[in-house]
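Below, read A as the first sequence line, B as the second, and so on, with proteins coming before strands; counting in each chain starts at 1.
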Amino acid sequence: MALLEVRDLSVVFQRKGEEPFRAVDGVSFDVEPGQTVGLVGESGCGKSVTSLAIMGLLPKRGVTITGSVSYDGTDLLKLSDKEMRDRRGRDLGMVFQDPLSSLNPVVPIGLQVTEVLERHRGMARKEAMVEAKTLLDKVGIPDPNRRLKEYPHQLSGGMRQRALIAIALACRPKLLIADEPTTALDVTIQAQILTLMKELVHDLGTALVMITHDLGVVAGLCDEVNVLYGGKVVEKAMRHKLFAEPRHPYTHGLLASIPRLDAPRGEKLTPIKGSVADNIPWSQGCAFAPRCPNALDVCTRETPAEEAQLGRLLRCHNPVVPGTPAAEEVSV
Amino acid sequence: MSETLVSVQDMKVHFPIKRGVFFDKTVGYVYAVDGVDLEIKRGETYGLVGESGCGKSTLGRAMLRLNEPTDGKMVFDGQDFSSLRGEELRKMRRRIQMVFQDPLSSLDPRQSVESILVEGLRAHDLDKGKEETDKRLRELLSAVGLPTSALRKYPHEFSGGQRQRIGIARALALNPDLIVADEPVSALDVSVQAQVVNLLEDLQEQFGLTYLVIAHDLAVVKHISDRVGVMYLGGIVEEATADDLYEEPLHPYTRALLSAIPVPDPEVEDRRERILLAGDLPSPANPPSGCRFHTRCPWRQETKCDTERPALRELKPGHKVACHWAEQIRSGELQPHAVKPELVEEGDGLSPDVPLVGPASVTEALG
Ligand SMILES: Nc1ncnc2c1ncn2[C@@H]1O[C@H](COP(=O)(O)OP(=O)(O)OP(=O)(O)O)[C@@H](O)[C@H]1O
Ligand SMILES: Nc1ncnc2c1ncn2[C@@H]1O[C@H](COP(=O)(O)OP(=O)(O)OP(=O)(O)O)[C@@H](O)[C@H]1O
Ligand code: SF4
Ligand code: SF4
Ligand SMILES: [Mg+2]
Ligand SMILES: [Mg+2]
């Protein structure tokens, strides 16, 4: 049994007078201690909703969550709000894209860290202060003594993100969910933060769920990668396998469409046609069909099922044959 | 191809920081652009990269005189653009167009695509009767790959990538020589970015356009540009052809920047040497003395680095660098060392009375 087992997780939003909207659609994955699992996909594919559902942070009204999220054998979806709040401080940590919105603006950074230490690790104030300083130090915040007394707005974006990681680390969570933790940061700062997260996983055996739209980040950090499209996992494999031989037309198309720093100049990019606005509902076939160069007739009639094959999960009627160059024609 | 279209000379843009009840007291300046020289040849794409706040947009805007430069000038096609006034300025403005990052906020939501495009034509007396204008509009849409039915629609009815096409059509409408594109793809979904990158490339070929592409994504810039300038805190620290810059980055900052960019290939990522920089970007309101990179530079030396500002100089043909020690770094005579992160402060200086500790900046192999 894995530390975290997400099974068939679905999230449906229902607004008054509107059609129900299935933001996450039967997502399953496991995370082991010391392992990093990536959720990757473009804007709106359901990455954040998945993480919020796991953490019990979605609003109660107008939201239906089905499936199970078993953490160390307990289904988190069945816990009460209070039990969940307790878990969040202790076992589950989360780092968001925008650190300012998840830090308390009127409480000094130091107090935000010591609070967690006192509440979840039962430390006395003095002891917590010393530990807080060590934590800020560890995440690379210069002059931690002084920073402890400062408010979030006094820190730069990179420093805030570190402070947030320090808070997440304060309770030594066994599972950390990071939702685009570096998207708002400059690349040189991103490199620092990603290195820090790698050390965490390696040194403390933290299980990490890494959510990002950046395939480069995934390539360097994640053991297993889940590619999401329109709320469903369309391809899942270990990173080496996925990048060396993307089989789903969406994964394949994404990799062909991003410029690589190490590619020879003059190499043309092969875009994916259209945009997510062209998607059809999964209930009518494959959501990607209107944009897919491999689409067959069956793709707009039957929803492709998830199939396992040689260390890979694939949801596609007509996967890319290994070694195929990217599709050429592209119109709007 | 080798004819110079744009020449920027010692361009400076300093924004006053105002305080006081009526904001009438200037207490300092943001040195957003602080002495930039660059040349863009006709028909080429010049890419400008650098991290947030280094002054890329301000430089682009100053070139278009959307911000009045504090100092320096831009010569466009042999004429001093900075000194043009009135009608002459208006005429010249037609020849330099801009494409913005966020197509939605740069397009008026109440205007149909047709009226957005016609407005530009009218402003420059290019609206020569219904028939001709209609023909021109159809040409423009087909050039950017939108159906003619788009004309009657409004910006919100399009996806991000399509909106960016409208922004490009608007710029193209005036038959410009130079297009300044500020982060043209960074607001777009990954799967859509390549559509716009390819479009820009095709249009350049078709219409012989010259581009200044501003972006923080070095992979995009390297892909699209002939030559690249790397900015750090208001100045260009390195300039070279895109390939040269990648093959042999000479400035310590460029080296760190290149090494920090993730490549979507696990094989490459596993083998990469990463130069981790310590600390944050200093504030452009209080830039470090001497070489502006000295507070984070793993090659920083005892002499010169914190006292003399290095000039941008040619180290090998077509490859310029602003570093006192570029030769020694290139030859390997100087090796990187650990850097303690410094506290970055607005206004007051550094006060490290407590010893600064923390993960030093180390060159380490990730794997
Ligand atoms: N509270 C909500 N009510 C209704 N719909 C929602 C809600 N939260 C998210 N959604 C919708 O669910 C879908 C998935 O959203 P989500 O935030 O998970 O995307 P994402 O993959 O994280 O995208 P991004 O990369 O932009 O962060 C989107 O279409 C979004 O509009
Ligand atoms: N109108 C203004 N008044 C005062 N300061 C300004 C103004 N415009 C820009 N700045 C400052 O000048 C500096 C350079 O800003 P600029 O927008 O040129 O950076 P950039 O390199 O384009 O960054 P980004 O990648 O975030 O777009 C920043 O510190 C910014 O806060
Ligand atoms: S199921 Fe069909 S439309 Fe969907 S990705 Fe596979 S081939 Fe393309
Ligand atoms: S001049 Fe000195 S501080 Fe600046 S980049 Fe060169 S070695 Fe580093
Ligand atoms: Mg999100
Ligand atoms: Mg900018």
Side-chain angles (χ1 to χ4, degrees), chain A residues 42-43 137-138 140-147 156-159 186-192 194-196 198 213-221 239-240 243-244 250 253-265 267-278 291 330-332, chain B residues 51-52 145-147 159-162 165 189-198 201 216-220 222-224 242-243 246 256-270 272 274-281 296 340-344 352 354 356-359 364 366:
Chain A
E42 57 202 301
S43 189
D137 217 37
K138 193 177 171 95
I141 296 184
D143 197 357
N145 272 326
R146 180 155 151 211
R147 287 310 191 201
S156 70
M159 288 301 154
D186 281 322
V187 278
T188 59
I189 310 291
Q190 164 170 289
Q192 298 169 2
L194 292 181
T195 303
L196 181 68
K198 256 190 196 175
H213 67 276
D214 188 335
L215 284 164
V217 169
V218 171
L221 189 69
R239 69 180 169 135
H240 283 278
F243 283 86
Y250 175 63
L254 266 188
L255 282 169
S257 73
I258 42 180
R260 278 176 61 153
L261 196 59
D262 58 348
R265 204 174 118 59
E267 197 164 278
K268 267 269 176 203
L269 303 178
T270 310
I272 299 178
K273 68 179 170 181
S275 69
V276 289
D278 302 319
R291 309 176 68 191
V330 158
S331 55
V332 187
Chain B
E51 295 177 285
S52 185
L146 287 173
S159 70
Q162 289 172 322
R165 288 170 196 269
D189 254 331
V190 195
S191 74
V192 177
Q193 290 191 0
Q195 295 174 6
V196 172
V197 167
N198 284 1
E201 288 178 338
H216 67 277
D217 184 336
L218 193 46
V220 169
K222 186 198 166 220
H223 176 86
I224 201 169
D243 286 330
Y246 174 74
L257 190 64
L258 283 168
S259 83
I261 297 166
V263 172
D265 184 341
E267 305 288 336
V268 176
E269 282 293 308
D270 287 353
R272 274 180 103 190
R274 208 145 262 173
I275 301 166
L276 289 183
L277 293 180
D280 268 337
L281 204 67
R296 298 167 83 201
K340 286 174 183 164
E342 284 184 21
L343 210 54
V344 171
V354 197
L356 296 177
V357 278
E364 61 176 355
L366 293 181

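Looking at B:Asp189, its side chain never comes within 3.5 Å of a backbone N or O of A:Ser275 through a donor-acceptor pair. Panel note: side chain B:Lys222, backbone A:Asp262; no donor-acceptor pair is recorded below 3.5 Å.
Heavy-atom pairs under 4.5 Å with chain A were tallied for B:Ser259, B:Ala260, B:Gly161; the largest tally goes to B:Ala260. The most heavy-atom pairs under 4.5 Å with chain A, out of B:Gln193, B:Glu267, B:His216, come from B:Glu267.
Neither the backbone nor the side chain of B:Val196 has a heavy atom closer than 4.5 Å to any heavy atom of chain A. For a residue to count as touching a neighbouring chain, one of its non-hydrogen atoms must lie under 4.5 Å from one of that chain's; by this rule B:Leu258 touches chain A with backbone and side chain alike. Interface remark: A:Val218 contributes no atoms to any contact with chain B (heavy atom separation under 4.5 Å). When heavy atoms are compared at a cutoff of 4.5 Å, A:Ala244 does not approach chain B at all. Only the side chain of B:Val197 comes within contact range of chain A, with at least one heavy atom under 4.5 Å from a heavy atom of that chain.
Contact check for B:Pro264 versus A:Leu255: side-chain heavy atoms found under the 4.5 Å cut-off. For the pair A:Arg260/B:Val268, a side-chain contact is recorded, criterion being any heavy-atom separation below 4.5 Å from C-beta on.
For the residue pair A:Arg291 and B:Ser191, the shortest heavy atom distance occurs at NH2-OG, 2.8 Å. Scanning all heavy atoms of the two residues, the minimum distance from B:Asn198 to A:Leu269 falls at ND2-O, 2.8 Å. Minimum heavy-atom separation, B:Glu51 to A:Val187: OE2-N, 3.9 Å. Considering all non-hydrogen atoms of both residues, B:Val190 and A:Ser257 come closest at O-OG, 3.9 Å. Taking every heavy atom of both residues into account, B:Val263 and A:Ala219 meet most closely at O-CB, 3.6 Å.
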Check your understanding: Does the pair B:Asp270 and A:Arg239 meet the rule for a salt bridge (Lys or Arg N to Asp or Glu O under 4.0 Å), with working shown?
Key -> CA-CA 11 Å; B:Asp270 287 353; A:Arg239 69 180 169 135; 3.0 Å; yes

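Note that the CG atom of B:Leu281 and the CG atom of A:Asp186 stand 6.5 Å from one another [nearest 0.5 Å]. In this structure, CG in A:Leu261 is found 5.0 Å from CD1 in B:Ile261, a value given to the nearest 0.5 Å.
For A:Gln190, the side chain to side chain donor-acceptor pair (under 3.5 Å) partners two or more places apart in sequence, or in a different chain, are A:Thr182.
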